[in-house]
Amino acid sequence: MLGTLLVLALVAALVEVPHPAAAPGSLNGADVAWMLTATAFVLIMTPGLSFFYGGMVRPKNVISTMLQSFVALGVVSVLFYFVGFSLCYGDSWYGLIGDPRTFALLRNVGTAPNPVFAATIPFILYFAFQLKFAIITPALITGSFAERVRFKGYLAFMVLFSLFIYCPLAHWTWHPEGFLRKWGVLDFAGGTVVHISAGVAALAGAMVLGRRSASLRSSSFSTPNVPYVLLGTGLLWFGWFGFNAGSALGANELAALSFVNTNLASAAALIAWVLIEVARGGKPTAVGACTGAVVGLVAITPAAGYVGYGQSILFGVLAALISHAAVHWQNSRTTIDDTLDVFPCHGLGGIVGMLLTGVFADKVGLIHGTFTTFGYHLLGLVIVIAYSFGGAWILLKITDRIFGLRVKVQEEELGLDLSQHEESTYHIDEEFERTYRRELTPENV
């Protein structure tokens, strides 16, 4: 694989591609400044996710879990440069996928604005902004199979998911010729493309990999690092302002509207989740507050620029109620081991947001007396769920056959930090080190 990367790097360095320059006066300085900032905001969400997830697994899996998010920064960036951006935004093939040749190796992606996608900022900045969405999407999935996935298998799945699930969905939804976009399906900042796709794929991942060995023994788990969860949530909330307000693609009133809606929905969901915990006879927990905040952020994402302030609060409260009930039902009534509840929180949160967008969207929502947009949202939801789940299931099976997805029992018991990376957040004495190496000999693994 290192040889392949070297060859690709040489090709990228030697192939000359045109990079159009901006004409004098064609850029809006305020828009450029805001979008540079928003792009950096969205980037910080992926390290934030790594802390959020890393704080909810056992100590022996913290590094592995965090790295599964962090490594997407590298893998997806290179993938998007070579072909991913073209598949998302290249010349449309029947509204289904972009021509991989259109912007391959950033061909024709320079500092000049693109009137189709972003008329007031450099097209290369639009690429950078959209790249950050592509990075975090497969990282979200990792929470469903945390503590038991083989690292090389995950890397292979990440590449396949990005190419065959994320890129088509982005094209359908955000390309002017995408068939969902032409139907009038609204997704302001990625509720469908990012959160529903990741949440549904996470459900497939949890089902394909099966339950953790400790889960089969009904072992109880404690949260080892609540401050990590709080830190991760803070970084996600901060970065989400770039995620949603940046999707206005300029320093304008739409960015301000989506900025405030984002904060209100998250705040309302945080409060609702904590109140549900108390109403169920428990104590208000930090992890619950953080989970609720993230669910609210997910739910408002598809609607951030299309609804009013009060409606954003309703988004947060309803999403918290539904996701909390789903988490409880999944963990108590099913055998699905979705380690960090990715489907109930991101999948269902995105679904709630998408449906409510069809109800409340300004001028075209169901409450304005028109059924067309809501009807297409229902149809689009069925298509996206079926495609994401079925596609992810197939890609997981292919990856498992070629690379292997599930670690051995001995590797899982030792923890993925050691078995996959030979690293640990804790001091390892020499006796344990010898035991570790003996248990990982070929005859034992």
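Values reported hereafter were calculated over all heavy atoms of this structure, with side chains retained and with hydrogens, waters and symmetry mates removed.
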Per ring-ring contact (aromatic ring centres under 6.0 Å, His included), Trp172 is matched among Phe179, Tyr94, Tyr166 by Phe179
Give the C-alpha distance, both sets of side-chain angles, the deciding distance and a yes or no for side-chain contact (heavy atoms from CB on, under 4.5 Å) between Asn28 and Ile121. CA-CA 7 Å; Asn28 182 299; Ile121 64 174; over 6 Å; no
For residues 288-315, the ring-ring contact (aromatic ring centres under 6.0 Å, His included) pairs (sequence neighbours left out) are Phe188-Tyr306
Is the closest side-chain donor-acceptor distance between Arg280 and His324 under 3.5 Å? no
(request) Output yes when a side-chain donor or acceptor of Asp338 lies under 3.5 Å from a complementary backbone atom of Leu203, and no otherwise. (result) no
Are Phe41 and Phe238 an aromatic pair, judged by ring center distance below 6.0 Å?
yes
Item to complete: Apply side-chain contact (heavy atoms from CB on, under 4.5 Å) to Ile336 and Phe343, showing your working.
Response: CA-CA 11 Å; Ile336 297 172; Phe343 175 70; over 6 Å; no
Is there side-chain contact between Phe82 and Leu105, with at least one heavy-atom pair below 4.5 Å?
yes
The reported gap from OH in Tyr387 to CD1 in Ile165 (rounded to nearest 0.5 angstrom) is 4.5 Å
Ring pair (Phe, Tyr, Trp, His ring centres under 6.0 Å) filter on Phe259, not counting sequence neighbours, yields Phe241
Looking only at heavy atoms, the pair that brings Gly239 and Ile44 closest together is CA-CG2, 4.0 Å
Is it the case that the side chain of Ser266 and the backbone of Thr262 share a donor-acceptor pair, with hydrogens and angles ignored and the cut-off at 3.5 Å? no
Any donor-acceptor pair under 3.5 Å linking the side-chain atoms of Thr173 with those of Asp187? no
For the residue pair Met66 and Tyr53, establish whether any side-chain heavy-atom pair is separated by less than 4.5 Å.
no
To the nearest 0.5 Å, atom CG of Leu348 lies from atom NE2 of His195 at 13.5 Å
Is it the case that the side chain of Glu147 and the backbone of Val57 share a donor-acceptor pair, with hydrogens and angles ignored and the cut-off at 3.5 Å?
no
Heavy atoms of Leu230 and Ala286 approach each other most closely as CD2-CB, 4.2 Å
Would Cys88 and Trp174 count as a side-chain contact (heavy atoms from CB on, under 4.5 Å) here? Give the steps. CA-CA 8 Å; Cys88 293; Trp174 288 331; over 6 Å; no
With a 4.5 Å cut-off on side-chain heavy atoms, are Ile136 and Val42 touching? no
Tightest non-hydrogen contact, residues Thr291 and Cys345, listed as CG2-SG, 3.7 Å
Report the C-alpha separation of Ile196 and Ser388 in whole Å, then their side-chain angles, then the decisive distance to 0.1 Å, and conclude whether the side-chain contact (heavy atoms from CB on, under 4.5 Å) test is met. CA-CA 8 Å; Ile196 294 178; Ser388 299; 5.5 Å; no
> Do the two ring centres, one from Phe80 and one from Phe127, sit under 6.0 Å apart?
Replying inline: yes
Quick check: does any side chain N or O of His377 sit under 3.5 Å from a backbone N or O of Leu186, one acting as donor and the other as acceptor? yes
Closest non-hydrogen atoms of Leu125 and Leu36, given as atom of the first, atom of the second and distance, are CD1-CD2, 3.6 Å
Do Val71 and Leu155 have side chains that get closer than 4.5 Å, going by heavy atoms? yes
Are any non-hydrogen side-chain atoms of Leu87 and His171 less than 4.5 angstrom apart? no
To the nearest 0.5 Å, atom CH2 of Trp34 lies from atom CG of Asn252 at 10.0 Å
| When you check the gap from the basic side-chain N to the acidic O, do Arg212 and Glu412 get nearer than 4.0 Å? | no
Heavy-atom closest pair (Ala30 atom, Ala251 atom, distance to 0.1 Å) is O-CB, 3.8 Å
Residue pairs passing the salt bridge (Lys or Arg N to Asp or Glu O under 4.0 Å) test with at least one member in residues 165-181, sequence neighbours excluded, are Glu177-Lys182
| Do Asp417 side-chain atoms and Ser64 backbone N/O form a donor-acceptor pair below 3.5 Å? | yes
Check your understanding: Any donor and acceptor pair, going by atom type alone, linking the side chain of Arg148 with main-chain N or O of Arg406 inside 3.5 Å?
Key -> no
**Message:** Is the shortest side-chain heavy-atom distance between Asn261 and Asn244 below 4.5 Å?
**Reply:** no
Here the pair of heavy atoms bringing Leu131 nearest to Ser77 is CD1-CA, 3.6 Å
Residues pairing under side chain to side chain donor-acceptor pair (under 3.5 Å) where one sits in residues 113-124, two or more places apart or in two chains, turn out to be Asp31-Thr120
By side-chain contact (heavy atoms from CB on, under 4.5 Å), Ala256 pairs with (sequence neighbours left out) none
So CE of Met45 and CG of Leu297: to nearest 0.5 Å the spacing works out to 7.5 Å
Handout entry: CZ/Phe117: more than 12 non-hydrogen atoms of other groups inside 6.0 Å
Key = yes
Sequence neighbours excluded, the answer for side-chain contact (heavy atoms from CB on, under 4.5 Å) partners of Val352 is Ala319, Ile322, Leu356
The reported gap from CG in Leu43 to CG in Leu73 (rounded to nearest 0.5 angstrom) is 5.5 Å
To the nearest 0.5 Å, atom OG1 of Thr142 lies from atom CZ of Phe70 at 13.5 Å
What do you reckon, are the aromatic ring centroids of Phe133 and Phe243 less than 6.0 Å apart? yes
### Query
Under 3.5 Å, side chain of Asp400 to main-chain N/O of Leu405, donor-acceptor pair present?
yes
| said: Side chains of Phe157 and Ile141, heavy atoms from C-beta outward: is any pair under 4.5 Å? | reply: yes
Notebook entry, point to check: Does Glu423 reach the main-chain N or O of Ile63 with its side chain, forming a donor-acceptor pair under 3.5 Å?
Noted result: no
Is it true that the side chains of Arg107 and Ser86 contain a donor and an acceptor less than 3.5 Å apart? no
Open item on the list: Between Ser323 and Val295 (side chain of the first, backbone of the second, donor and acceptor by atom type, cut-off under 3.5 Å), is there such a pair?
Closed with: no
- [ ] Answer yes or no: is there a side-chain heavy-atom contact under 4.5 Å between Val194 and Leu140?
- [x] yes
Looking at Asp341 and Val327, would you say the former's side chain and the latter's main chain have a donor-acceptor pair under 3.5 Å?
no
Which of Phe123, Tyr81, Tyr89 passes ring-ring contact (aromatic ring centres under 6.0 Å, His included) with Phe103? Answer is Phe123
With no hydrogens and no angle check, just 3.5 Å: does a side-chain donor-acceptor pair link Thr301 and Trp240? yes
